[in-house]
Amino acid sequence: MSELVRMSAREAVRRLRAREITPLELIDAAVERIEAVEPQVNALPTLCVERAREQAARVHAQGEPDDAGPGWLAGLPIAVKDLTEVAGVRTTFGSPIFADNVPARSAITVEILEGNGAVPIAKSNTPEFGAGANTFNEVFGKTLNPWNTALTCGGSSGGSAVALATGEAWLATGSDLGGSLRTPASFCSVVGLRPSPGRVARGPAGMPFATLAVEGPMGRDVRDVALMLDAMAGAHAEDPIALEAPGTSFQATVAAPRAPTRVAFSPDLGIVPVDTEVKDICRAGAARFAELGAIVEDACPDFQDAGDIFQTLRAAKFVAERRPLLDKHRDMLKPDVIWNIERGLGLTADEIGRAEQARGALYHRVAAFFGTHDILACPAAIVPPFDVNTRYVEEVEGHKFDNYVDWLLISSAITLTSCAAISLPCGFTASGRPVGLQLVGRPRGEAALLGAAALFEDMMGIAGQLPIDPRPGPP
């Protein structure tokens, strides 16, 4: 593994901006690393190396713009999730329906990143349309967890998480509906941030006012994620809810972080079973905030109706976005996607309306909770990584789930709140499987959340273990 691959994203960008290294050198290092580990993990099935070299040469020749902000990446190669379009690059959404799709235009998120000097070098694997937290599809197959290649890396941003953990990329994009940034971050011992809706512009979208799904950054550590969020954040005319970039950069916040005053911990949000070992690891991790002077206590807003709300709104979203595919390509859709669309088709207007009202009430409860607490901490996933051949978790601690979404409730419940949430490494099980802690902050509170996460990361001392070589192991 070369020195360049081992560097943090922020060190690579510092050296790029100082012109101590070139983007082409980083591309060569990334390609060498990809060739070495891809056969073992299948994280980046589509490469766009020549496009990257051409773009990198332009970025390097033009130099740093006079108006470059704190998110200027200076030609840093990145991985882009295969749900997100990159112009001229095969983008499949993990679906055989789009196996040969080559978009003419990049997604807004990619356009903003490229405008800030990022250079996409590869597309990262994802389950079909991001549905399900185990990264496999009929186009590219399974992506394997580098900590134990018999296990799942989670999903749906699984390819991005694996590329980071193995050193194939310094930064990667992810997206999150019910935990798609947070679950793979937990399973791969990397960091994934689900920003509040609007923090990162997305689209062009057929449902531009929707707030369940967001785009967000993934990195090997919190400070790299802050760098990427600076490169992603900002308003865009085609996204009606996109927010202006903050006056103080996210990097500046994590450079001088403030410790939270009051931290609430919940092992299960009061609504979902959690593996005992995961629960114990996360409780021990959250307790360490006391070392920063914070009051740490067991507390949680009322999430009792979150499961029903999320299932209803998710199903309605699937109808709005995927119904034409069911009509035209039913035989090419995986059963989980069909189930979600058909569940949505069975909803009444009254059921959708009541779910929206209940979501509003939940938001107000959470807002009141953050009137007295700075952080809500809980497990990022209810289990450690499991056998990659298991489609989804069917039972935990004696509780059986009847569909592929319910086991994600510890993250999807947070989705409903519009709060910023981050998953970061918290420890390992006795068998060496990564466990992530989910920290939830106030809506649009990414800066304070990143600061608290950086302090936690420094105490835990886990981030420095990356990147790793893939490790085979038993399921």
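Screening T143, T92, N125 for a side-chain hydrogen bond (donor to acceptor under 3.5 Å, both in side chains) involving N137 leaves a single residue, N125.
Counting only distance, with no hydrogens or angles, the side chain of S180 and the backbone of S157 share no donor-acceptor pair below 3.5 Å. Between the side chain of D239 and the backbone N or O of R202, at least one donor-acceptor pair lies under 3.5 Å. Judged by distance alone, with hydrogens and angles left aside, the side-chain atoms of S249 form a donor-acceptor pair with the main-chain N or O of A252 at under 3.5 Å. Formation of a donor-acceptor pair under 3.5 Å by the D221 side chain with backbone atoms of G464 is not found in this model. With hydrogens and angles ignored, the 3.5 Å screen pairs a side-chain donor or acceptor of E351 with a backbone N or O of T348. At distances below 3.5 Å, not a single donor-acceptor pair connects side-chain atoms of Q438 with backbone N or O atoms of A421. No donor-acceptor pair closer than 3.5 Å links the side chain of R262 to the backbone N or O of I295. Between the side chain of T166 and the backbone N or O of V162 there is at least one donor-acceptor pair closer than 3.5 Å. Checking side-chain atoms of N340 against main-chain N and O of F318 turns up no donor-acceptor pair under 3.5 Å. Proximity of a side-chain donor or acceptor of E297 to a complementary backbone N or O of V263 within less than 3.5 Å is not detected.
Atom CD of E342 is surrounded by more than 12 heavy atoms from other residues, nucleotides or ligands within 6.0 Å. Environment of CZ in R444: sparse, with no more than 12 heavy atoms of neighbouring residues, nucleotides or ligands closer than 6.0 Å.
Side-chain contact check for R182 versus D176: some heavy-atom pair is nearer than 4.5 Å. At a threshold of 4.5 Å between non-hydrogen side-chain atoms, the residues T183 and S423 do not count as touching. Contact of the F401 side chain with the L408 side chain is not registered, since no non-hydrogen atoms from C-beta on lie closer than 4.5 Å.
The pair R354-D350 meets the salt-bridge criterion, since a charged nitrogen lies less than 4.0 angstrom from a carboxylate oxygen. A salt bridge does not link D275 to R433: none of the charged nitrogens lies less than 4.0 Å from a carboxylate oxygen. The existence of a salt bridge linking E446 and R199 is confirmed by a sub-4.0 Å separation between a basic side-chain nitrogen and an acidic carboxylate oxygen. Using a 4.0 Å cut-off between charged nitrogen and carboxylate oxygen, R365 and D305 count as a salt-bridge pair. A salt bridge links R10 with D224: at least one charged nitrogen is closer than 4.0 Å to a carboxylate oxygen. The pair K334-E128 does not meet the salt-bridge criterion, since no charged nitrogen lies less than 4.0 angstrom from a carboxylate oxygen.
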Please report, to 0.1 Å, the donor-acceptor pairs under 3.5 Å made by any side chain of residues 451-461, with sequence neighbours excluded.
{"residue": "E457", "atom": "OE1", "partner": "V222", "partner atom": "N", "Å": "3.3"}
{"residue": "E457", "atom": "OE2", "partner": "V222", "partner atom": "N", "Å": "2.9"}
{"residue": "D458", "atom": "OD1", "partner": "R223", "partner atom": "NH1", "Å": "3.1"}
{"residue": "D458", "atom": "OD2", "partner": "R223", "partner atom": "NH2", "Å": "2.9"}

Distance-only criterion, 3.5 Å: show the donor-acceptor pairs between side-chain atoms of residues 384-392 and protein atoms not counting sequence neighbours.
{"residue": "D387", "atom": "OD1", "partner": "N389", "partner atom": "N", "Å": "2.9"}
{"residue": "D387", "atom": "OD1", "partner": "N389", "partner atom": "ND2", "Å": "3.4"}
{"residue": "N389", "atom": "OD1", "partner": "K142", "partner atom": "NZ", "Å": "2.3"}
{"residue": "R391", "atom": "NH2", "partner": "D336", "partner atom": "OD2", "Å": "3.3"}

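Pairs passing the side-chain hydrogen bond (donor to acceptor under 3.5 Å, both in side chains) check and including a residue from residues 250-259, sequence neighbours excluded, read D230-Q251.
The aromatic rings of H373 and F369 sit parallel to each other, their planes meeting at less than 30°, with 60° as the upper class boundary. Under the 30°/60° scheme for interplanar angles, the aromatic rings of F129 and F93 are found to lie parallel.
Under the 6.0 Å cut-off for aromatic ring centres, F428 and W147 qualify, their centroids lying closer than that.
When every heavy atom of S156 is checked against every heavy atom of L83, the shortest pair comes out as OG-CD1, 4.4 Å.
Side-chain N/O atoms of R442 and T417 include no donor and acceptor closer than 3.5 Å.
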